[in-house]
Amino acid sequence: MTLDFFTSLGSLLETICKSSNVDGADHTFERLPDCLVIDILSRLPSHSFLRCRWVCRHWRALLVSSQDSFTNIHDLSRHTRPTFLIRDDFAKHDFAKHGQDLFVYGENENKKIKKKKKVAFEKLHLKPELMINMNSKEEPNLLYSCEGVLMFASSRWKSTYYIVNPITQEELTLRCTLYPNFVCALYFCPNTRQFRILFAKVEGTSCTYFVHILKTWKCKEIHSSTSFNFLPKNGNPAVVNGALHWITFHDLKRKDIAPCENGIMVFRMDKEELFTMPHPVSNHNVCNSKQAHLAMTLMVKDDRLCFCNMLIPWYIVDMWLLEDYETRSWIKRYKINLLNEKIFPFGKRLSGIRIRSAWDLKFLYIQEGELLIHLYGDYELYLYNLDRRTVKKLELPRGKMLSYTDCKLYHKSFLAIV
């Protein structure tokens with residue numbers, strides 16, 4: 001009965017949205033209290049939810065005045081399942097024709113389809129009039145994904161950034177005047193409910209970190225208690241315990257990779273503090289090269305920080321979980337042999353690689369106990385269930401390819417950028 005009710009209600013709302021007599025729609029639900037209208041609308045699919053702004057003046061005023069309430073109800077109470085987003089690498093070479101070719105995985109799983117589809121990707125559309133699609137020479141690269149908001153950077157001019165919410169189609173263009181700059185993260189501060197950008201200005205053997213607040217358009221310098229001259233590895237940070245975490249990739253003072261005691265770079269969002277912490281070390285791991293650091297990845301599993309380390313050239317993966325954040329207590333939870341042909345269909349191909357490197361495959365994210373693996377040379381994606389030790393190959397949209405930097409965690413959101 002509940003399903004029938006909301007199906008009928010959704011159809012009724014769609015009819016109202018299509019109605020040309022907008023003023024008359026004011027009387028359709030005029031007797032319903034606002035709290036009930038909010039609860040009903042929050043249960044609608046995202047496209048229907050957004051169209052309700054044009055039903056009548058009262059609903060539009062209700063949506064605008066209760067923006068935060070609607071965002072909280074729709075995004076948090078309904079527990080939208082996080083998924084991941086890919087960007088077609090071919091689109092970069094013909095950007096004027098394709099624009100941003102973005103695809104979201106898993107959107108077809110809950111739809112009523114008679115025949116099971118092999119391709120489980122749905123295209124995510126960005127309006128042609130958005131600035132990110134206007135200049136065909138820009139060829140923006142996908143940098144970060146945070147709470148349903150995407151951040152792109154111009155491939156030619158690194159100081160130009162595009163921040164877009166694909167659901168609301170809100171867009172912000174940002175030009176950074178500090179040069180050279182290194183963008184570390186786009187993040188959402190839960191205390192202030194604001195999107196912010198963390199970036200560093202590099203000058204010789206030192207760097208200065210800044211936070212740019214998108215809503216107020218203010219930029220402020222971060223003052224560290226001690227000299228902080230580390231730069232993080234590219235990619236989305238792992239967010240745990242109110243802080244951002246990266247693999248520390250470069251020590252500007254040493255002009256080399258960071259030592260193991262500074263192996264993880266941390267930024268606390270509430271206090272805006274930067275510091276480092278050691279990463280776990282395997283018994284036979286030699287952490288003295290950029291290749292070793294490239295093979296390290298930080299992810300989140302069960303709300304705990306997960307350190308994933310691929311040992312080259314054996315293609316053995318050690319996965320550690322941070323059991324106690326305060327005492328920095330790590331426990332090795334998984335050991336994966338990627339050359340095991342009984343489990344991994346690409347095991348034989350990896351065995352045939354003579355010169356092995358961290359670029360051969362990447363570990364992207366852990367989602368509901370499944371590790372997303374990108375086999376770079378063959379442009380393939382696999383989901384490995386850590387507990388069941390099973391592998392599933394994901395069929396990409398026909399004719400599409402991707403680099404590992406073009407795959408991000410994603411979930412639909414109505415959060416406003418500013």
Side-chain contact test, heavy atoms from C-beta onward, threshold under 4.5 Å: evaluate it for Cys308 versus Val317 and give yes or no.
yes
Leu150 side chain reached by Tyr410 side chain, heavy atoms, under 4.5 Å:
yes
Please report whether the ring centroid of His245 lies less than 6.0 Å from that of Tyr325.
yes
Distance from Leu298 atom CG to Cys306 atom SG, nearest 0.5 Å?
8.5 Å
Member of Leu381, Leu124, Leu102, Leu394 meeting the side-chain contact (heavy atoms from CB on, under 4.5 Å) criterion with Ile86
Leu381
Applying ring-ring contact (aromatic ring centres under 6.0 Å, His included) between Tyr382 and each of Phe363, Phe346, Phe344, report the one that passes.
Phe346
Got a sec, which pairs hit salt bridge (Lys or Arg N to Asp or Glu O under 4.0 Å) with one end in residues 164-176, sequence neighbours left out?
none
Donor-acceptor contact present, side-chain [X] to main-chain [Y], <3.5 Å:
X	Y	answer
Lys408	Leu143	yes
Ser145	Leu409	yes
Gln169	Pro166	yes
Asn165	Ser413	yes

Report the relative orientation of the aromatic rings in Phe307 and His279; use parallel for angles under 30°, tilted for 30 to 60°, perpendicular for over 60°.
parallel
In terms of relative ring orientation, are Phe199 and Phe210 parallel, tilted or perpendicular, with 30° and 60° separating the classes?
parallel
Apply side-chain hydrogen bond (donor to acceptor under 3.5 Å, both in side chains) to Tyr365 and list each qualifying residue two or more places apart in sequence or on a separate chain.
none
Check step by step if side-chain contact (heavy atoms from CB on, under 4.5 Å) holds for Trp246 and Phe267.
CA-CA 9 Å; Trp246 307 261; Phe267 175 72; 3.9 Å; yes
Who passes side-chain contact (heavy atoms from CB on, under 4.5 Å) against Glu129, sequence neighbours left out?
Lys127
Looking only at heavy atoms, which two atoms of Leu186 and Phe195 are closest? And how far apart?
CD1-CD2, 4.3 Å
If you take all heavy atoms of Ile343 and Pro345, which pair is closest and at what distance?
O-CD, 3.6 Å
CG (Asp324) with more than 12 external heavy atoms under 6.0 Å:
yes
